[in-house]
Undergrad: 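Quick one: this structure, given as structure tokens, is what I'll be asking you about.
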Amino acid sequence: MSTERYNAREAEPRWQKVWDERGIFRTRNDDPRPKYYVLEMFPYPSGRIHIGHGRNYVMGDVVARFKRMKGFNVLHPMGWDAFGLPAENAAIERNTHPGVWTYENIATMREQLKLLGLSLDWSREIATCDPAYYGEQQRIFLEFLKGGFVYRKESEVNWDPVDNTVLANEQVIDGRGWRSGALVERRKLAQWFFRITALAQELLDGLDTLERWPDKVRLMQRNWIGRSEGLHVRFELAAGAAAAAELPREVKVYTTRPDTLFGASFLALSAGHPLTETLAAGNPALAAFVEECRRGGTSTAEIETQEKMGFDTGLKVRHPLGGPDLPVYVANFVLMEYGTGAIFGCPAHDQRDLDFARKYGLPVTPVVLPPEADPASFAVGDIAYDGEGTLYHSGFLDGLSIPEAKEAVAARLEKQTLGNAPVGERAVNFRLRDWGISRQRYWGCPIPIIHCESCGPVPVPEDQLPVRLPDDVTFDAPGNPLDRHPTWKHVACPHCGGPARRETDTMDTFVDSSWYFARFASEPNTPPLQKGAADHWLPVDQYIGGIEHAILHLLYSRFFTRALNKIGRVSIEEPFAGLFTQGMIVHETYKDPAGRWLFPEDVEKAADGSPVTVATGEPVTIGPPEKMSKSKRNVVPPEVVADTYGVDCARWFMLSDTPPERDSEWTSAGIEGAWRFVQRIWRLVGEVLALVPEAPEAPAAFGEAALGLRRAAHKLAAQMAEDVERLRFNVAVARVHAFANVFGDAVVAARKSAEAGPLPADTAFALHEAARYLVRAIAPSVPHLAEECWAALGGEGLAAEAAWPDSDPELLAEDTVTLPIQINGKRRADITVPKAASPAEVEHAVLALDAVVKALDGRPPKRIIVVPQRIVNVVA
RNA sequence: GCGGGUGUGGCGGAACCGGUAGACGCGGCGGACUCAAAAUCCGUUUCUGGUGACAGAGUGUCGGUUCGAGUCCGACCACCCGCACCA
């Protein structure tokens, strides 16, 4: 080994082969060491990856490799979220089968991931489109059905007219399909649901136990679950109106503000409320109004601009606390899906109710008086008052605070009866809705149900699972290929044997990703979900993925884990003990004069430094950094980086500079910086070996210089371990650079010393030790380079299997400390004292300093603050 | 509208529990090596004044607490993210 350049292109595949041949990343469940499970969110096999996809895998890999060096039995698996719509679109465009397209993509992307040198246990690889996997999912579905977590109902759904499928509420973003971007329509369909609301309270409470999750994600989930406490209040229809025989006698509303009941001036029903439907049947004008409400769009812009509209039904209800009768409206702003689909309106203290009341000339009676407001003059104009205050104009509530009044109303109405039941009942409501999982698609997990005219929906018997997707399908017509398949759906009813048909809907692909982390726990070629294995490995110790899954995937997975627990399939309650959400990699965009997007490699710098196209030399417009995407062509393929700089450079760059949770910009300057670093480490190791070819014996004593280097090396190992534990990769990188600077100085000094005579034994030892510490400290980040250096340094075995370097506590402890000296809070000097020096000794030494003597000018100091080991402040 | 977050050199960013602001990297400038370039190495790089030692200012703005504030408190400004007629 000499000062020649490190040849990553030659070394990286060589070491990958060694790792592979020795099977060192293959994990066994019977390994006695403590377990550590690192998982990055598995990818959708869309075709090819770009370097932007690599960041979370590299971060997970650093953790996995580090934990291995720390003595853990690490599980670090990879798989494919392989069902989904793009495969069907590709099937239409290319006239192939979705499965063929998917497995081709998997093959490509597997090779690309391997190129990154990730320490994955590929023997546990799974694809969710494998019948062994989705068969187990069908079993789980049926067990959920038995356990009450699955049901079927006719419901209004979000229909994506482009993807021709149903979307869950969580999958509608700003009124558009999360994948297609199409405006979502409302349709009524019979759908299968997971009863996620049954666990709403648990899912909310469980968030408090997830201490290693970002607060931001926990908050988002908390808001999404949206718990509120309030009161159900039953309003009796006033006599005159209720004469019609078919009308119910009452209307039930949900309110979180029972304290404002005396300020109520109307009731409002949603357009989908049963009473509305009854009334509309005999009232064409109302029917027309309901139709108008339904047409109202669901996009943000439309909702925001939509005016409050109402229709007076002519009905009146009695005020339960003796106020005047209230008119009943149908209103477009009342949601059927939340609460009871009916509200009472208190215009003075709710903005929506106020807007409505002003439009229809309804009374606005304030009943909460803001602190220090004058009861005689306080009035509500265009802004409703929803703050603190004292009740007034409210009979027996007068003088109470809002919480007191809520309690008083609840207590009163609980005792009051209407018919045989109490008028008021305390109730908890959640914003969370049940998870509709039916999708009218082919490329997904079939729902294992058979519909029989006489027996209804019947589960597919256990011995007939899995229900496999038929291979002979066509995509030449819109709609679901399963539905129009000539034979697949026609089966005999498992109950009565009569003619029946299969459910042709498949499951939402979010179901597939709700338990895959449990599949990895089982050894290959074993049943996909084994309790013992799952309980051993789960929860995932460190889960890494994008913030875009803060609600959908993470909430569904939490629900699934709890539901699996309830049906006895696992013992754990939460799937992910630690969660980290990494930022994206962004890159500048390039456009030629015709406005076409250009790949980064199609752009170069002209002689004057301006960007031009490689092909024609035309000027290029540079756009701001954006998320790497195929459509904008601002992508960098991993192969190109591997060929020019090596994968370790890419890994190092991805870890450097930017905190991992923030977006990071990919630049050529950045990758070149990483290249210089890699070469520098290689050169340093080479120079050390030139001076100290073999590991020397430890000498009896060390001089100051050797001791300084040893201290730095041992400190590096200790601090870097902490940085990696806390996923502060950018700080860890900075520490390595700082150490390399110290190390480099030591090597230069040693070379000079060696020119004059033989190298002292303590220096030789310290240099060699420092090199071995450095190489292991960077091994998780730049594993190929580390192997090459480790081998050159005569390290035992592979760097990937080496132990993390120990830090000698004596070397970490400093015996002197340099204290900054402030005079009146400004730093004026510093002083080096023994670490054990008492405050009095320090004070004495400080008062003797020139700068202090000068500042005091003979006067005694007003005060001296000595913070041991930290700072001294002299107040003159 | 509601909720949350972030503001530090030319740039990415560091600074533990309130204790030397700007670590480390990028870029810039100057120099060494070279016929020259690349690569590499050395020095320098918050701003203002000064040849200099040094002095003053400085972490979005204004104010407060403290011996001491990037860090804590209050008000405001800007940007980013999430939710959004949830009664």
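Below, chain A is the first sequence line, B the second, and so on; all start at residue 1. From a predicted model like this one, the values you see are computed outputs, not experimental measurements.
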Undergrad: At under 4.0 Å between heavy atoms, what does S664(A) touch on the DNA or RNA strands: base, sugar-phosphate, or nothing?
TA: nothing

Undergrad: Rounded to whole angstroms, how far apart are CH2 on W224(A) and C1' on rG4(B)?
TA: 17 Å

Undergrad: Using the P atom as the point on both nucleotides, what is the distance between rC33(B) and rC47(B), in whole Å?
TA: 30 Å

Undergrad: Does D259(A) have any salt bridge (charged side-chain N to carboxylate O under 4.0 Å, His left out) partners at least two apart in sequence or in another chain, and if so, which?
TA: R257(A)

Undergrad: Test ring pair (Phe, Tyr, Trp, His ring centres under 6.0 Å) on Y329(A) and F311(A); report intermediate values, then the result.
TA: CA-CA 5 Å; Y329(A) 283 75; F311(A) 185 97; 8.7 Å; no

Undergrad: Using the P atoms only, state how far rA84(B) lies from rA23(B), rounded to an integer number of Å.
TA: 44 Å

Undergrad: Might you list the N or O atoms of the protein lying below 3.5 Å from N or O atoms in nucleotides 62-67 of chain B, with each pair's distance?
TA:
{"unit_1": "rC67(B)", "atom_1": "OP1", "unit_2": "R863(A)", "atom_2": "NH1", "d": "3.1"}
{"unit_1": "rC67(B)", "atom_1": "O2'", "unit_2": "N873(A)", "atom_2": "ND2", "d": "3.2"}
{"unit_1": "rC67(B)", "atom_1": "O2", "unit_2": "N873(A)", "atom_2": "ND2", "d": "2.6"}

Undergrad: Where does rC81(B) land, syn or anti, once you apply the within-90°-of-0 test for syn?
TA: anti

Undergrad: Run the numbers on K715(A) and F739(A) for side-chain contact (heavy atoms from CB on, under 4.5 Å), then give the verdict.
TA: CA-CA 9 Å; K715(A) 216 178 200 171; F739(A) 176 76; over 6 Å; no

Undergrad: Let me know the distance between CG of L849(A) and C1' of rU20(B), rounded to the nearest Å.
TA: 15 Å

Undergrad: Sticking with atom P, work out how far rG12(B) lies from rG30(B), rounded to a whole angstrom.
TA: 25 Å

Undergrad: Quantified in whole Å, what is the C1' atom distance between nucleotide rG10(B) and nucleotide rU44(B)?
TA: 15 Å

Undergrad: What integer number of Å spans the P atoms of rG70(B) and rU59(B)?
TA: 7 Å

Undergrad: Report yes or no: do D434(A) and T197(A) form a side-chain donor-acceptor pair below 3.5 Å?
TA: yes

Undergrad: Are any of S656(A)'s side-chain N or O atoms less than 4.0 Å away from OP1 or OP2 of rG12(B)?
TA: no

Undergrad: Does a side-chain N or O from R728(A) land closer than 4.0 Å to OP1 or OP2 of rC24(B), or not?
TA: no

Undergrad: Which part of the nucleic acid, if any, lies within contact of R735(A), taking any heavy atom under 4.0 Å across all strands shown: a base, the sugar-phosphate backbone alone, or nothing?
TA: nothing

Undergrad: How long is the line joining CD1 of I681(A) and P of rG25(B), in whole Å?
TA: 12 Å

Undergrad: In chain order, what residues pass the side chain to side chain donor-acceptor pair (under 3.5 Å) check against N873(A), with sequence neighbours excluded?
TA: none

Undergrad: Return yes if a side-chain donor-acceptor contact under 3.5 Å exists between R227(A) and Q201(A), otherwise no.
TA: yes

Undergrad: Please check: side-chain N/O of N332(A) versus main-chain N/O of M309(A), any donor-acceptor pairing under 3.5 Å?
TA: yes

Undergrad: Within the structure, does a side-chain N or O atom of R870(A) lie under 4.0 Å from either OP1 or OP2 of rC16(B)?
TA: no

Undergrad: Just N and O in the side chain of R680(A): are any of them under 4.0 Å from OP1 or OP2 of rU40(B)?
TA: no

Undergrad: Would one find a side-chain N or O of N223(A) under 4.0 angstrom from OP1 or OP2 of rC2(B)?
TA: no

Undergrad: Name the nucleic acid region contacted by R828(A), choosing base, sugar-phosphate or nothing; use a 4.0 angstrom heavy-atom cut-off, strictly under.
TA: sugar-phosphate

Undergrad: Taking OP1 and OP2 of rG25(B), is either one under 4.0 Å from a side-chain nitrogen or oxygen of N741(A)?
TA: yes

Undergrad: Output the rounded distance in Å from CZ (F743(A)) to C1' (rC41(B)).
TA: 17 Å

Undergrad: In whole Å, measure the gap between the C1' atoms of rA14(B) and rC79(B) for me.
TA: 22 Å

Undergrad: Rounding to the closest angstrom, what is the interatomic distance between rC72(B) and rC81(B) at atom C1'?
TA: 26 Å

Undergrad: Enter syn or anti for the glycosidic conformation of rG9(B), syn applying to angles within 90° of 0.
TA: syn

Undergrad: For T255(A), which contact category applies under a 4.0 Å heavy-atom criterion: base, sugar-phosphate, or nothing?
TA: sugar-phosphate

Undergrad: Can you measure L655(A) atom CG to rG25(B) atom C1' for me and round it to whole angstrom units?
TA: 14 Å

Undergrad: Evaluate the ring pair (Phe, Tyr, Trp, His ring centres under 6.0 Å) criterion for residues F333(A) and F356(A): first the C-alpha distance (whole Å), next the side-chain angles of each, then the deciding distance (0.1 Å), finally the verdict.
TA: CA-CA 9 Å; F333(A) 68 94; F356(A) 190 78; 5.5 Å; yes

Undergrad: Tell me what N730(A) touches on the nucleic acid: a base, only sugar-phosphate, or nothing, going by heavy atoms under 4.0 Å.
TA: sugar-phosphate

Undergrad: Heavy atoms only, 4.0 Å cut-off, all strands: where does K308(A) land among base, sugar-phosphate and nothing?
TA: base

Undergrad: When the C1' atoms of rG60(B) and rC77(B) are considered, how many whole Å apart are they?
TA: 7 Å

Undergrad: Walk me through whether Q719(A) and R735(A) qualify under side chain to side chain donor-acceptor pair (under 3.5 Å).
TA: CA-CA 8 Å; Q719(A) 291 183 326; R735(A) 272 194 221 290; 3.3 Å; yes

Undergrad: Any side-chain N or O of R431(A) under 4.0 Å from OP1/OP2 of rA87(B)?
TA: no

Undergrad: State whether K826(A) places a side-chain N or O below 4.0 Å from either non-bridging phosphate oxygen (OP1 or OP2) of rA57(B).
TA: yes

Undergrad: Across the strands shown, which category fits V736(A) at heavy-atom distances under 4.0 angstrom: base, sugar-phosphate, nothing?
TA: nothing

